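Here the structure is a predicted model, which means the values were calculated and not measured. The figures here come from the full heavy-atom set of this structure, side chains too, leaving out hydrogens, waters and symmetry mates. Proteins come first, then strands; the chains are lettered A, B, ... in the order of their sequence lines, and each starts at number 1.
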Amino acid sequence: MRYEVQGDLFELQDVFDNGQCFRWNRNEDGSYNGVFHNISLNVKKSEGKIIFEGIAKLNQKEFESEIVKYFDLERDYESYRDKLSIVDDNLKVATEFGKGLRLLNQDLFETIISYITSANNNIPRIKGIIHKMCEKYGKELEDGTHAFPTIEELSKAEVEDLRALGLGFRDKYIYKTTRYIKENPTFLPSLYNMDTEKCRKALESLEGVGPKVADCILLFSDLKRMDVFPIDVWVRRVMNELYFHTEEVKLSKKEIRNMAELKFGELQGLAQQYLFYWRREKE
DNA sequence: GTCCAGGATCGGA
DNA sequence: TCCGATCATGGA
């Protein structure tokens, strides 16, 4: 299956390597391969087009609408960049750097498990663990890749099985959270109808989900809330450098959040991602 | 050997 | 409400 869109809708590297996703890998020819929703996809740029080629048990129309949704193609990121770039010179630089960035609408369960895995961990290792998790528990697709495990599939894993993937102390969190979601089938669907505050609290009731992970789930899944501000070491670092000019250990999350609200308002989640990506690539 | 990574949880002040 | 200790793992 194949689908083409205009080439200026996004840049591959800015989308896949900004830290929001863990299942996309760059090939030698500069294209990327990844899997979402039982779709195994290759994405490349050629002659001013973005070309999606993949394997999926869908008709053409469904295939296209899955891509439009996942890559958030209906949102106008150019207008977002315009709004943020006039905030100050910092955002002008960061949005220019990450010009081709988009926030994916990733599967909610996958995003929850992935970001529980991310706690006190680094991105290459997170990717490795999730890869192994998919290989072991996810359904194999026609081309030999694996889908992310469903709730049912992952709930078959025992704690020690999860530990064997390299999850460390996060094994219990994933075990308990998966079982809770399995035993409460209305939990995930109900999140879509909540305002952001309620939704965050509901997510934080899950084992292994604290404030930072909850914000990432809200921002990077198909819940897609922009009015959140995930704070990790990099965001703390960049916010300190740009807006506080003080010892970063002294800054409370409250202070950073208040500053983000003040500066970026309802687009603070997106602003956070431009800043994170810019600061991290600069290192 | 130490330090670090898209932190959360727990117990105690 | 807010601290500090603790929690696995692997790469630098």
Could you work out the separation of [N] and [M] based on their [atom1] atoms and round it to a whole Å?
{"N": "B/dG11", "M": "C/dA8", "atom1": "P", "value": "16 Å"}
{"N": "C/dA5", "M": "B/dG6", "atom1": "P", "value": "24 Å"}
{"N": "B/dA5", "M": "C/dC3", "atom1": "C1'", "value": "22 Å"}

Determine yes or no for a side-chain-to-main-chain donor-acceptor pair under 3.5 angstrom, with [X] supplying the side chain and [Y] the backbone.
{"X": "A/Q106", "Y": "A/Q20", "value": "yes"}
{"X": "A/Y80", "Y": "A/A271", "value": "no"}
{"X": "A/D161", "Y": "A/A164", "value": "no"}
{"X": "A/R170", "Y": "A/N120", "value": "yes"}

Starting from [atom2] on [N], measure out to [atom1] on [X] and report it in whole angstrom.
{"X": "A/K172", "N": "C/dA8", "atom1": "NZ", "atom2": "P", "result": "7 Å"}
{"X": "A/I130", "N": "B/dG6", "atom1": "CD1", "atom2": "P", "result": "13 Å"}
{"X": "A/K132", "N": "C/dG10", "atom1": "NZ", "atom2": "C1'", "result": "10 Å"}
{"X": "A/D171", "N": "C/dT9", "atom1": "CG", "atom2": "P", "result": "9 Å"}
{"X": "A/L203", "N": "B/dG7", "atom1": "CG", "atom2": "P", "result": "17 Å"}
{"X": "A/I129", "N": "C/dG11", "atom1": "CD1", "atom2": "P", "result": "11 Å"}
{"X": "A/L104", "N": "B/dG6", "atom1": "CG", "atom2": "P", "result": "18 Å"}

Notebook entry, point to check: Within the structure shown, what part of the strands sits under 4.0 Å from A/F22 by heavy-atom distance: base, sugar-phosphate, or nothing?
Noted result: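 No contact.
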For the aromatic rings, using the six-membered ring if either is Trp, is the centroid distance between [X] and [Y] under 6.0 Å?
{"X": "A/F148", "Y": "A/F36", "value": "no"}
{"X": "A/F187", "Y": "A/Y180", "value": "yes"}
{"X": "A/F63", "Y": "A/Y3", "value": "no"}

Please tabulate, one pair per line, each protein N/O and nucleotide N/O from nucleotides 2-5 of chain B that are separated by under 3.5 Å, including the distance.
from, atom 1, to, atom 2, distance (Å)
B/dA5, OP1, A/R237, NH2, 3.2
B/dA5, O3', A/N121, O, 2.9
B/dA5, N7, A/N120, OD1, 3.0

Check: Less than 4.0 Å between a side-chain N and a carboxylate O, is that true for A/K99 and A/E11?
Finding: no
Each nucleotide N or O in nucleotides 1-5 of chain C that has a protein N or O under 3.5 Å away: list the pair and distance.
none

Next item on the list: Would you please test A/K253 and A/E255 for salt bridge (charged side-chain N to carboxylate O under 4.0 Å, His left out) and show each step?
Entry: CA-CA 5 Å; A/K253 283 198 169 187; A/E255 291 175 292; over 6 Å; no
Donor-acceptor list for residues 211-218 of chain A side chains, cut-off 3.5 Å, not counting sequence neighbours:
from, atom 1, to, atom 2, distance (Å)
A/D215, OD1, A/R200, NE, 2.9
A/D215, OD1, A/R200, NH2, 3.0
A/D215, OD2, A/R257, NH2, 2.8

Next item on the list: Identify the two heavy atoms, one from A/S221 and one from A/L108, that lie closest to each other, and give their separation to 0.1 Å.
Entry: OG-CD1, 3.7 Å
Checklist line | Close residues, residues 261-278 of chain A, relative to DNA chain B [heavy-atom separation under 4.0 Å] | finding: A/Q272, A/Q273, A/F276
Next item on the list: Evaluate the ring planes of A/F10 and A/F16, with Trp represented by its six-membered ring, and classify them as parallel (under 30°), tilted (30 to 60°) or perpendicular (over 60°).
Entry: perpendicular
Item checked: Between A/D107 and A/Y70: side-chain donor-acceptor atoms closer than 3.5 Å ->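 No - no donor-acceptor pair under 3.5 Å links their side chains.
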Output one line per pair: protein atom, nucleotide atom from nucleotides 8-11 of chain B, and distance, for all N/O pairs under 3.5 Å.
from, atom 1, to, atom 2, distance (Å)
B/dA8, OP1, A/G210, N, 3.0
B/dA8, OP1, A/G210, O, 3.2
B/dA8, OP1, A/K212, N, 3.3
B/dA8, OP1, A/V213, N, 2.8
B/dT9, OP1, A/G208, N, 2.7

Check residues 258-265 of chain A and write down every donor-acceptor pair under 3.5 Å in which the side-chain atom is one partner and the other belongs to a residue at least two apart or another chain.
from, atom 1, to, atom 2, distance (Å)
A/N258, ND2, A/K254, O, 3.3
A/E261, OE1, A/Q268, NE2, 2.7

